[in-house]
Each structure stands twice: as structure tokens, then as C-alpha cells.
Visitor: 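My questions all concern the structure below.
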Amino acid sequence: MFSRRQFLQTSTAVLLAPMGVRAASTDLVAQEAVQQIAPEGYPTTPVWTYGGNVPGLDIRVRQGERVQRKLVNKLPQPTAVHWHGIRIANAMDGVPGLTQDAVEAGASFNYDFVAPDAGTYWYHSHNRSMEQVARGLYGPLIVEEASPPDVDRDLTLMLDDWRLDPDTAHIVNDFDNGHDLSHAGRLGNLVTVNGRFDPDYPVGTAERLRLRLINASNARIYDLSLDGLTGWIVALDGMPLAQPLPVEGTFPLAPAQRVDLIVDVTAKAQGIASLVSVERDGGFGLARFPVSEGAAATPRQEIDPLPPNSMPEVQYDDAPLHRMVMQGGAMRWLDAAKIGDTELSGRELAQLGRFWALNGYAERPKEPFLDARLGQTHRIEFVNETAFPHAMHLHGHHFRVVLQDGTLGPWRDTVLVERGQARQIALVADNPGDWLLHCHMLGHAASGMMSWFRVS
Ligand SMILES: [Cu+2]
């Protein structure tokens, strides 16, 4: 017979059993699934996911902790995971052909790295990313501060832009059509937040929210605004701003970029606050926050900056300057560019689906764009000679944007360079390895805007 004590021990053991399950759940399974992406009433959409849902598994660690995930590839294509914005060990960066081999269908790969910086990051496929990210292979990676800010809710909102067949709701399988590649990239016909059309997040009056916005779209640049919410931008691309910036009017969010907001609900009870995408023709709501009478929340006025991450000192006055000229695309067609050692004409390149070039290369060149000694500071000037904006992303590092007046702007890992614009960044090359540098309009990357730098 069981004594009561034994029974309690036994039930404790049973209650603890899910811990074992939790250990096993460190698998990150890339798998097909079906999800209601289009509005209710439309059919469901076959998607590719990490863990059965878009966005993928919510990965959340404390600053300085290790992320250990075994990627199990149950997809019909090879894949790999890039941990966007993490100042990561090079071998874990997830770039096939540069830092690892693609993980074949049926195979697996152990990702194991430290997350050194608190903030809002994300992970996504870096193999055939133009297709795989568009099919849904992305998820949030949230690194919590040792002492997080005082908010009532902490919400991650991942924005995505889908191209669905309006009859079947299937993803339109035209990933490498030349028009998208040579123009603004793959723009969709349905925008979702967290894999849902027009979702709602109930809030209370005067509640304080932390909103972590992540743009997982292939190519869409959002101009965002708030309605019924008032507050501050507190971080960009994961990194805290030294001084929170009041949200006034619209703020841009290019592909792969993140913005953390701390906002107070100012809409009245029974009202609806919203996150809005402002377009030339008026725009549309992305997510709604139905407001009910809040419990004890009273309006708070002041806000402190988030605690800074441990970033290097940037002494950039004498730092060597490297120019990266962005070339090609519709209306500025390439005359010629190199693939390897071979110079091809614009026509030949177009036949290969290559419409863009970085410093004359329409593919990641053999030699690095920049060969930096460990710890050196460099400046890179992106010169956009094309007729389209591009979101330039460096792997393994954050950099400071150099502002027009020559002073240092925010830390970022992805900088938007408008058509005809030149933008300078200052980079402390303090993470050894071979790192990609590319446009995060994923069709542009696939059709030529891909380079790399070495730190050793
Ligand atoms: Cu681009």
C-alpha cells in the first residue's frame, strides 16, 4: 500500500515529468504545417515552420545565457538557421557555404551559442531564404534584461507580408520571378502580425506595454504609427537607445529591423488602440488592442533608458573608409558585373537572374570586401546608385550609423539606404570569423547583393 507520503512523492515525480519533455523540446523542428493566415472564411495556408506554427517557437533566454537548439530538418529542402543580430560565434551563424553546410532534408544540426546582448532578435532560414522565409521559416529570439523595465505586458509582434493566391490561400510559388528580383523585391497582398491577419491583443486603460516589433517580410518597408498608444522608442535592432525617443508621427521598419517601444494605452475603455501601417493611399491597421477598464494601472509619465549592452568604444575619426557601391536593378540596369573572375554583360546576368551588384560583383566574391584585424575600427559607406531602397545587414556585429553631421547615431545591425543616398557606418571588427554583408530584401540578396568581410 502507498502511504500518503509515498503518494505525494509519486505525484511530485509525475508533476515533474514535463521537465523531461521540456529538455527534449530543445529541438527546433523545421516542418510543414497548415495555418489560418488569410482572414477567417478563406482557406488555410500550407506553411513552413519552426515547431508547427508561424512565427516559430518563441525562444527566450536571459542575457548571457546559452541558446541550445537542435535544428531537425523535416522539410523537403536543405536549410540552416541564422540568429539575426546576435553577436554570435562564427560557426553558429547559420550561413551555408560560409559558416556551415546546409542541413540536408532528414538531417540535423546543433546550434549552441551565448546570447551576449539583451534585446529583441529573431531567427530565420538562411538557405534559399527568398523562398524559405516567405514560406514562414522565422521566429522570435528574445533576450531578457537582468532587470527588465516595469511594464504590464511584453508583446512580440512579428510583421510579415504574404503573397497568397486569393482563391486557394496558397503561397504563390513564383519566388524567382525576374520582375520582383529586379524591382522592390517580393511584395505580398496580405500583411500579418504573428502569422494572423488583423489580430487583437486585449489591454486595460493606462496599461504600459512593451511592444517588440520585428519585420520578417521579404522586402516590405513599413512606415508605422500608433493610434491610442503614446510612448517611446527604447531600442533599435535589439540595442537600447541612450535616450528613449518619443514616438511622433511615423517611424520606419525595414526588412529584418526591430524596434522596441514602451507605450501607454491612452485610448478609453471600450475603445480600440492600434498599430497602423501608413501607406500613401491611407494605410491599414496591423494589430488591434481592444481596451477594457484597467485594474490598478495609473498613467506613468517618465521612462528610463533600457540598461545598455556592453558595446565597444567606437573611435572612428581615423578609421579607414571602405566604399560599397550598390548597383543595378530596374531603371539602372547593370552594364556588366563579375561572377567569380568572369565578367558578364548585363544581358547575360539577367538570364542568370542576377540584376544587382555590390562593387561590381553580382555574387558573393571570393575575396572579402573588407579584411579586418581583430579589434580594428572601420567605416563603410554604402553608396546607393540604384533606384530602390536597400536594407544592408552585417552579420556578427552591430555598428554605429554615422549621422549627416558626422556624429554617431544608434547601434544597428541593419541600415536602410534610400535610393540615391550614401550612408556611413562605423564598425569595430571585434568578432573573429567570416561574416556576410548583404541586402535584406531577400530577392535582392539572391540576385546579386551579397558580400562578406573577414575579421582575424
Ligand atoms: Cu536590396
Side-chain angles (χ1 to χ4, degrees), residues 85 118-122 140 142 145 148-159 191 193-194 198-217 220-268 271-280 282-291 294 297-308 389 391 401 403-404 409-416 418:
T120 300
Y121 303 94
W122 65 302
I142 305 302
E145 295 86 7
D150 174 28
V151 296
D152 298 306
R153 276 163 221 265
D154 183 341
L155 288 171
T156 304
L157 304 175
M158 291 194 87
L159 280 52
V191 174
V193 172
N194 292 342
D198 196 26
D200 58 64
Y201 300 91
V203 296
T205 48
E207 272 191 355
R208 177 160 280 187
L209 318 175
R210 178 177 188 165
L211 302 179
R212 303 170 181 268
L213 310 181
I214 304 171
N215 186 357
S217 309
R220 185 176 290 275
I221 304 164
Y222 299 89
D223 283 306
L224 300 171
S225 78
L226 303 174
D227 186 22
L229 303 168
T230 307
W232 297 263
I233 294 174
V234 294
L236 294 171
D237 294 352
M239 292 295 165
L241 297 183
Q243 281 306 321
L245 202 64
V247 177
E248 286 158 1
T250 67
F251 54 98
L253 194 65
Q257 290 186 328
R258 287 87 66 212
V259 58
D260 281 45
L261 307 173
I262 292 184
V263 296
D264 294 331
V265 176
T266 51
K268 301 274 179 272
I272 294 179
S274 51
L275 173 68
V276 178
S277 174
V278 179
E279 312 263 311
R280 241 169 259 161
F284 48 88
L286 291 171
R288 287 170 297 122
F289 305 88
V291 184
T298 50
R300 285 161 289 192
Q301 294 303 316
E302 291 310 313
I303 189 172
D304 292 325
L306 297 176
V401 175
L403 303 176
Q404 296 296 346
W411 289 102
R412 299 217 73 134
D413 60 46
T414 305
V415 62
L416 182 62
E418 298 286 357

Visitor: Taking the side chain as C-beta and beyond, is there a heavy-atom pair between Y222 and V191 under 4.5 Å?
Guide: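 Yes; the side chains approach each other to less than 4.5 Å.
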Visitor: Look up atom CG in L229 and atom CZ in R208, then write down how far apart they are to the nearest 0.5 Å.
Guide: 12.0 Å
Visitor: How many angstroms lie between CD in Q243 and CD1 in I233, if you round to the nearest 0.5 Å?
Guide: 13.5 Å
Visitor: Hey, what do you get for CD1 (I221) to CG (L416), rounding to the nearest 0.5 Å?
Guide: 5.0 Å
Visitor: Whether the side chain of D237 engages the backbone of W411 through a donor-acceptor N/O pair (distance < 3.5 Å, no angle test) should be reported.
Guide: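 No, because the side chain of D237 does not come within donor-acceptor range (under 3.5 Å) of the backbone of W411.
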Visitor: Can you tell me how far apart CG (L213) and CD (Q257) are? Round to the nearest 0.5 Å.
Guide: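 Those atoms lie 11.5 Å apart.
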Visitor: Between D260 and R212, is there a salt bridge with N-O shorter than 4.0 Å?
Guide: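 The answer is yes: the pair qualifies as a salt bridge.
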Visitor: Is there a side-chain contact between L157 and N194 in this structure, where contact means two heavy atoms from C-beta onward sitting under 4.5 Å apart?
Guide: yes
Visitor: Verify, without hydrogens or angle tests, whether D264 (side chain) and A206 (backbone) share a donor-acceptor contact under 3.5 angstrom.
Guide: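 Not confirmed, D264 side chain does not pair with A206 backbone.
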Visitor: For a quick test of reading the model, state the closest non-hydrogen atom pair linking A273 to G228 and the distance between them.
Guide: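 Closest approach of A273 to G228, heavy atoms only: CB-O, 3.6 Å.
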Visitor: Does the side chain of L275 reach to within under 4.5 Å of the side chain of L211, using non-hydrogen atoms?
Guide: no
Visitor: Can you confirm whether L306 sits close enough to P149 that some side-chain heavy atom of one is under 4.5 Å from a side-chain heavy atom of the other?
Guide: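 A side-chain contact exists here, since the closest heavy-atom pair is under 4.5 Å.
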Visitor: Compare all side-chain heavy atoms of P410 with those of M239 and state whether any distance is below 4.5 angstrom.
Guide: no
Visitor: Give me the one residue out of D413, T156, T414 that meets side-chain hydrogen bond (donor to acceptor under 3.5 Å, both in side chains) with R258.
Guide: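 Single side-chain hydrogen bond (donor to acceptor under 3.5 Å, both in side chains) partner of R258 among D413, T156, T414: D413.
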Visitor: Assess whether side chain to side chain contact (heavy atoms under 4.5 Å, CB included) is satisfied between V151 and L209, documenting all intermediate values.
Guide: CA-CA 6 Å; V151 296; L209 318 175; over 6 Å; no
Visitor: Would you mind reporting whether W232 and P246 have side-chain heavy atoms less than 4.5 Å apart?
Guide: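 In short, these two side chains touch, coming nearer than 4.5 Å.
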Visitor: Work out which heavy atom in E418 is nearest to a heavy atom in P389; give both atom names and the distance.
Guide: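 E418 and P389 have their closest heavy atoms at OE1-CB, 3.6 Å.
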Visitor: Mark yes when over 12 heavy atoms from residues, nucleotides or ligands other than Q404 sit less than 6.0 Å from its CD; otherwise mark no.
Guide: no
Visitor: Quick one: closest heavy-atom pair of G294 and T205, and the distance?
Guide: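 Scanning both residues completely, I find the closest heavy atoms to be N-OG1, 2.7 Å.
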Visitor: State, with a plain yes or no, whether a side-chain heavy atom of F251 is found less than 4.5 Å away from one of L245.
Guide: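 F251 vs L245: side chains apart.
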Visitor: Give a yes or no on whether the backbone of L224 and the side-chain of T250 come within a donor-acceptor separation of less than 3.5 Å.
Guide: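 Judged by distance alone, no pair lies under 3.5 Å.
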Visitor: Can you see which heavy atom on P240 is nearest to which on P308, and at what distance?
Guide: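 Reported closest heavy-atom pair: CG-CA, 4.3 Å.
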Visitor: Within a strict 4.5 Å, meaning less than it, do heavy atoms of the I142 and T120 side chains meet?
Guide: yes
Visitor: Would you find a donor on one side and an acceptor on the other, under 3.5 Å apart, between the side chain of D200 and the backbone of R288?
Guide: no
Visitor: Taking all atoms of both residues into account, what is the closest heavy-atom pair of Y201 and P290, and its distance?
Guide: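 Taking every non-hydrogen atom into account, O-CD, 3.5 Å.
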Visitor: Taking all non-hydrogen atoms of both residues, which atom of F289 and which atom of S274 are closest, and how far apart?
Guide: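 Looks like CD1-CA, 3.9 Å.
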